[in-house]
Undergrad: 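My questions all concern the structure below.
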There are 2 protein chains.
Amino acid sequence: MRATIREVARDAGVSPSTVSRALSMPDLVNPVTRERVLRAAQRLGYEPNRAARGLITGRTGNVGLIVPDLANPFFPSLVKGVQAKAREADYAVLLADTDEDPAAERDLLRVLAKQVDGLILCSPRGREEDIRALAATTTLVMVNRRVGKLPSVVFDNADGMRQAVAHLQALGHRRVGWVGGPRSSWSNRDRVRALQTATAAAGMELLVAGNFPPQFEGGIAAADLVIASGVTSVIAYNDLMALGLLDRLRNRGMDVPRDISVIGIDDIQMSAMSSPTLTTVSLTKEQAGRAAVDLLLALLEQPDGVRNVRRELPTQLLVRGSTGVARTD
Amino acid sequence: MRATIREVARDAGVSPSTVSRALSMPDLVNPVTRERVLRAAQRLGYEPNRAARGLITGRTGNVGLIVPDLANPFFPSLVKGVQAKAREADYAVLLADTDEDPAAERDLLRVLAKQVDGLILCSPRGREEDIRALAATTTLVMVNRRVGKLPSVVFDNADGMRQAVAHLQALGHRRVGWVGGPRSSWSNRDRVRALQTATAAAGMELLVAGNFPPQFEGGIAAADLVIASGVTSVIAYNDLMALGLLDRLRNRGMDVPRDISVIGIDDIQMSAMSSPTLTTVSLTKEQAGRAAVDLLLALLEQPDGVRNVRRELPTQLLVRGSTGVARTD
DNA sequence: CGGAAGTCTGAAACCGATTGCAGAACTCTG
DNA sequence: CAGAGTTCTGCAATCGGTTTCAGACTTCCG
């Protein structure tokens, strides 16, 4: 059995209230009493019961994290970041995976919302009004998506796309293809838009191949369209798709990067292991997790006092083996 | 503000005790009263406060899950399984990632153990006595490791290795290399042992290349040893290493599977995306997660009444592109 | 019809912390 | 030295449920 505050109090010869104060508002108690209490607590291995504390303070000490699919390599990194930062602040992380299922997501949210002080939500495709409704009742931070002025952490896709386009332009490419992810995904829309702007500014031609599932298979499916479109370079919605492209392009007898250059987005582990290795717009996923927790905790501290609730993380083009000079024939 | 049990009681015209009973021990209350209570609860959107309940019952409704490194693709699948099964039983999952750091692990365990009813622990390399000590104070289930008679979920490595060896033998291989993972890892030891037995039984020669970090880089590092050893086939501790092997072998000018056959273990997503695709001993990782939760909840229900606390999950060789007939020159 | 057994319900204690309030002890100040 | 002001501590209420216990009311049976 774990020690209770009463036992510590008895052991230290004070009242429970004093123990409570000595531990959570140390400057309210006399230094020598405090010392005595702390020693007693130490000796008994006392740790406050979270349920009891939560009951009166109304806080759980937990944050919830909801991701659409852990099997997508983007998310484990995010989770790691959230996890690490949360622990530093002595919060525990309740993790839930919705399996890309909106109904499951709604359920999860209902259940989870009661067990946590705040939520970090990755819901690229959930309905906006659902999210707004949720935000009205819970403190939440969105990741990889913006909904109005709600707190969020996103990546600077615009700059990422600019870098990618500049890189291709420098290599002599004039026509670039886009292999899109889910039409309904916020970041997909954000990236297309950014890419349109960037290519237009660079005087390059953009050919959109359409929308595909954001997986390896999606890239495979898109490859033939890309070849047919005659572009010399292509940017994919994410690395997984870019890797699928690579695979199918090779099977079609094309040489990357001699015949065609390929750029992904995310910088997942795998992109450094493919051959050729994948040039990609690197996202600091773990940073995003940490930033989300940061923001969430700040909001919990002072619901209105946070200046900047919409954070944008930098992106960085990572040039590897899948991009090269455009063929000139 | 959420409704409390008292408000429901008032609304239904009964006492709080009756509400409590109507919800958690329905057959103790008169059907018509029960109906009235349930309707009131429904109307007010009542959901019991977990902290309050936990305070008196001593249960949190949480299970803890500790993994060494989410970035290793083995674990997200496991987490998914744990997650899904836990939710079915109305438990929440507290996730922690130790970053392969034993000190962090100890800390985490201390903190987490108090917030959960039971723990699922993947600690391939933690000290046995630490684990035993923990098991004495907490209900826990180990995954991918056996420690004495403690509850655990592991894979049938012996059979997996038998299948792999039989496959290679059928392809005419006589000499097989082993690229080991961390020496201190339980499953590494289990697999080597199984492989020794299997190759001996098949009359094949086994060459152990040593121990390497269980990552892509480990496989790269091992490749040259493998080539020098002159084996025609090689089995790696896990897929990530096998993929590293593939990469380096290719760079050394070897053709897989013509010059050498490669087999991994795990069946991670990536192994279907490499070229050649990777033949591997497939582990049902999500199943393992579910099984661990199953076992844990059973133990929580009736600490002594569980017949079989050491579960072993089947393994299945998945033949893909990286294995072929042995060269005969 | 009386009493035993059974069925429901409510009052109250309790889980383990936090916190408002009040009083004790001490320090200052004029 | 009286009185005001500080500083520190303890009492008791409280959070929102669960559970023990006892009592009210039925039902059943001899």
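Here is the naming used below: chain letters follow the sequence lines, and residue numbers restart at 1 for every chain.
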Undergrad: Just compare C/dT9, D/dT18, C/dA17 and give me whichever is closest to any side-chain atom of B/S20.
TA: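 Ranking C/dT9, D/dT18, C/dA17 by closest atom to the B/S20 side chain puts D/dT18 first.
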Undergrad: Shortest non-hydrogen contact from B/A40 to B/D11?
TA: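 So the minimum-distance heavy-atom pair works out to CB-OD1, 3.5 Å.
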Undergrad: State whether A/D99 and B/K80 are salt-bridged, where the test is any N-O pair (Lys NZ or Arg NE/NH1/NH2 against Asp/Glu carboxylate O) under 4.0 Å.
TA: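 Counted as a salt bridge, because a side-chain N and a carboxylate O are separated by less than 4.0 Å.
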Undergrad: Of B/V14 and A/T57, whose closest DNA chain C nucleotide lies nearer the 5' terminus?
TA: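 Mapping each residue to its closest nucleotide by heavy atoms, the 5'-most match is B/V14.
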Undergrad: Answer yes when B/D90 and B/R50 have at least one side-chain N-carboxylate O distance shorter than 4.0 Å, and no when they do not.
TA: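 Salt bridge flag = yes for B/R50 with B/D90.
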Undergrad: Under 3.5 Å, is there any donor-acceptor pair linking the side chain of A/R2 to the base of C/dG16?
TA: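 A donor-acceptor contact between them is absent.
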Undergrad: Grab the CG-P distance between A/L28 and C/dC21 for me, whole Å please.
TA: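 Rounded to the whole Å, the gap is 15 Å.
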Undergrad: Write down the distance between CZ (B/R34) and C1' (C/dT7), rounded to a whole number of angstrom.
TA: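 From B/R34 CZ to C/dT7 C1': 13 Å.
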Undergrad: B/L23 has an atom CG; how far is it from atom P of D/dT19, in whole Å?
TA: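 Distance check: B/L23 CG to D/dT19 P gives 13 Å.
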Undergrad: Can you check the A/D27 CG to D/dT7 C1' distance for me, whole Å?
TA: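 Atom CG in A/D27 sits about 12 Å away from atom C1' in D/dT7.
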Undergrad: Distance check needed: D/dG17 C1' versus B/E7 CD, whole Å only.
TA: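 Rounded to whole Å, this separation is 13 Å.
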Undergrad: From D/dG16, D/dT14, C/dC8, pick the nucleotide closest to the side chain of B/T33?
TA: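 The closest nucleotide is C/dC8.
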Undergrad: Hey, which of these two, B/L55 or B/M25, hits DNA chain D nearer its 5' end, going by closest nucleotide?
TA: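 Mapping each residue to its closest nucleotide by heavy atoms, the 5'-most match is B/L55.
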Undergrad: A/I5 CD1 to C/dT19 C1': how many Å, rounded?
TA: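 Whole-Å distance recorded here is 11 Å.
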Undergrad: Please confirm whether any donor atom in the side chain of B/R50 sits under 3.5 Å from an acceptor in the base of D/dG16, or the reverse.
TA: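 Answer no: no donor N or O sits under 3.5 Å from an acceptor.
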Undergrad: Just one of A/L296, A/V141, A/L134 clears the side chain to side chain contact (heavy atoms under 4.5 Å, CB included) bar with A/L119, so which one?
TA: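 Per the side chain to side chain contact (heavy atoms under 4.5 Å, CB included) rule, the option paired with A/L119 is A/L134, out of A/L296, A/V141, A/L134.
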Undergrad: Which nucleotide in the list D/dG10, D/dG16, C/dG16 gets nearest to the side chain of B/R6?
TA: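 The answer is D/dG16, which lies nearest to the side chain.
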Undergrad: What is the separation between atom CZ on B/R21 and atom P on D/dG16, rounded to the nearest whole Å?
TA: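 Distance check: B/R21 CZ to D/dG16 P gives 20 Å.
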Undergrad: Should the side chain of B/S17 and the base of C/dA11 be counted as holding a donor-acceptor pair, with the cut-off at 3.5 Å?
TA: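 Under the 3.5 Å cut-off, the side chain and the base do form a donor-acceptor pair.
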Undergrad: Just how far, in rounded Å, is P of D/dG16 from CZ of A/R53?
TA: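 Answer to the nearest Å: 18 Å.
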Undergrad: If you pin B/P16 and B/I56 to their nearest nucleotides in DNA chain C, which one's is more 5'?
TA: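 Final value for this comparison: B/P16.
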